[in-house]
Amino acid sequence: VISWTFCLVTPGRLGELALIPLLKKEKVNLGEVSAVIITDKIISLISLVIITGIGFFYFLSYKNAVLYALISTIALILIITLIYSKFTREIIKRYIIKKLSVKFKGFNDTMIDLLKHNKRGVILNFISTVLRWLVSTFIIYYLFLSIGTKVPIIPIFLIHAITTIISYIPITIEGIGLKEGSAVLL
């Protein structure tokens with residue numbers, strides 16, 4: 001709940017990372033916890049990019065859909081590559097967290113272990129993330145029904161994913177304005 005609260009007032013949902021220092025109080029290894037949280041965020045981002053890609057083809061011309069899907073895929077690959085890159089981790093260690101890097105021991109090993117030896121957990125996380133999007137979609141669908149408006153569920157699902165990914169752009173707090181404007185436009 002605390003990390004969700006921080007998420008409401010920070011750009012690009014960065015508040016979700018507030019969970020890391022909270023777990024420090026519980027004597028949990030920060031490196032391992034950070035690896036799990038970042039892996040979860042990557043899985044969420046992958047699911048959103050897939051759903052958003054489908055949305056591009058649903059709402060846009062084929063040419064624009066291919067262009068935006070390609071840009072999204074390249075951006076996702078770049079983000080994942082940067083996160084898993086030893087070079088990036090060294091830069092973060094040396095210039096950002098500096099002396100605190102000792103506290104993040106185990107980050108790399110946990111990240112690799114999750115992907116290599118816990119594929120079932122990663123797949124279950126992906127499935128639960130998509131299910132979370134479906135539940136949110138049904139909530140929005142029933143909200144429309146409650147005001148007497150019948151909207152097809154597939155566009156709701158796709159618009160919800162697209163607007164969520166747009167709200168990740170760290171321009172405004174919690175994507176305020178970006179999400180609503182893009183939802184109206186779509």
Side-chain angles (χ1 to χ4, degrees), residues 1-20 22 36-83 114-115 118-186:
V1 173
I2 293 172
S3 68
W4 178 75
T5 304
F6 281 115
C7 186
L8 291 175
V9 295
T10 58
R13 297 188 178 265
L14 294 174
E16 292 177 357
L17 299 176
L19 187 59
I20 294 170
L22 295 173
V36 170
I37 290 173
I38 289 173
T39 301
D40 175 62
K41 297 302 150 210
I42 290 170
I43 291 168
S44 295
L45 185 61
I46 289 169
S47 71
L48 274 175
V49 168
I50 290 169
I51 297 166
T52 300
I54 294 167
F56 289 151
F57 286 95
Y58 188 87
F59 292 111
L60 303 174
S61 69
Y62 181 78
K63 182 181 175 183
N64 286 336
V66 168
L67 175 67
Y68 291 135
L70 185 62
I71 290 169
S72 298
T73 303
I74 290 170
L76 180 65
I77 290 169
L78 183 63
I79 290 168
I80 292 171
T81 302
L82 285 173
I83 288 172
L114 280 170
L115 297 174
N118 196 2
K119 290 177 183 165
R120 183 173 183 235
V122 170
I123 291 168
L124 287 173
N125 186 315
F126 181 83
I127 291 168
S128 68
T129 300
V130 172
L131 287 174
R132 188 178 73 219
W133 291 114
L134 287 170
V135 168
S136 296
T137 298
F138 278 106
I139 290 170
I140 295 167
Y141 175 76
Y142 285 115
L143 284 171
F144 274 116
L145 286 179
S146 73
I147 60 170
T149 305
K150 185 156 174 65
V151 180
I153 200 147
I154 291 175
I156 293 173
F157 180 66
L158 298 173
I159 290 170
H160 182 44
I162 292 169
T163 57
T164 299
I165 210 163
I166 289 171
S167 74
Y168 284 171
I169 301 169
I171 296 172
T172 64
I173 295 175
E174 181 55 22
I176 294 173
L178 292 174
K179 191 170 187 173
E180 292 78 6
S182 59
V184 169
L185 182 64
L186 290 171

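For the single chain, residues carry numbers from 1 onward in sequence order.
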Among all residues two or more places apart in sequence or in another chain, which pass the side chain to side chain contact (heavy atoms under 4.5 Å, CB included) test with [X]?
X: I46; value: I42, I50, L76, I80, F126
X: L124; value: R120
X: I77; value: T73, T81

For this session: Over all heavy atoms of both residues, which pair between S47 and V130 is shortest? Give the atoms and the distance, please.
Result: CB-CG2, 4.1 Å
Seminar exercise, completed: Scanning both residues in full, the closest heavy-atom pair of I51 with L158 reads O-CD2, 3.6 Å
Hey, what do you get for [atom1] ([X]) to [atom2] ([Y]), rounding to the nearest 0.5 Å?
X: I71; Y: L78; atom1: CD1; atom2: CG; answer: 13.0 Å
X: S146; Y: I139; atom1: OG; atom2: CD1; answer: 12.0 Å
X: L134; Y: I127; atom1: CG; atom2: CD1; answer: 11.5 Å
X: I43; Y: L48; atom1: CD1; atom2: CG; answer: 12.5 Å
X: S128; Y: I123; atom1: OG; atom2: CD1; answer: 12.0 Å

For this session: Would you mind reporting whether T164 and H160 have side-chain heavy atoms less than 4.5 Å apart?
Result: yes
For this session: Report yes if the side chains of S44 and R132 come closer than 4.5 Å at any heavy-atom pair, otherwise no.
Result: yes
Non-neighbouring partners of [X] that pass side chain to side chain donor-acceptor pair (under 3.5 Å), sequence neighbours left out:
X: K150; value: Y141
X: N125; value: D40, T129
X: T149; value: none
X: T39; value: none

For this session: Could you give me the CA-CA distance, side-chain angles and deciding distance for F138 and I156, then say whether side-chain contact (heavy atoms from CB on, under 4.5 Å) is met?
Result: CA-CA 9 Å; F138 278 106; I156 293 173; over 6 Å; no
State which residues pass ring pair (Phe, Tyr, Trp, His ring centres under 6.0 Å) with [X]; sequence neighbours excluded, sorted by chain then number.
X: F56; result: Y68
X: F157; result: none
X: Y142; result: none
X: F144; result: none

Problem set entry | Whether over 12 other heavy atoms sit under 6.0 Å from L145 CG | yes
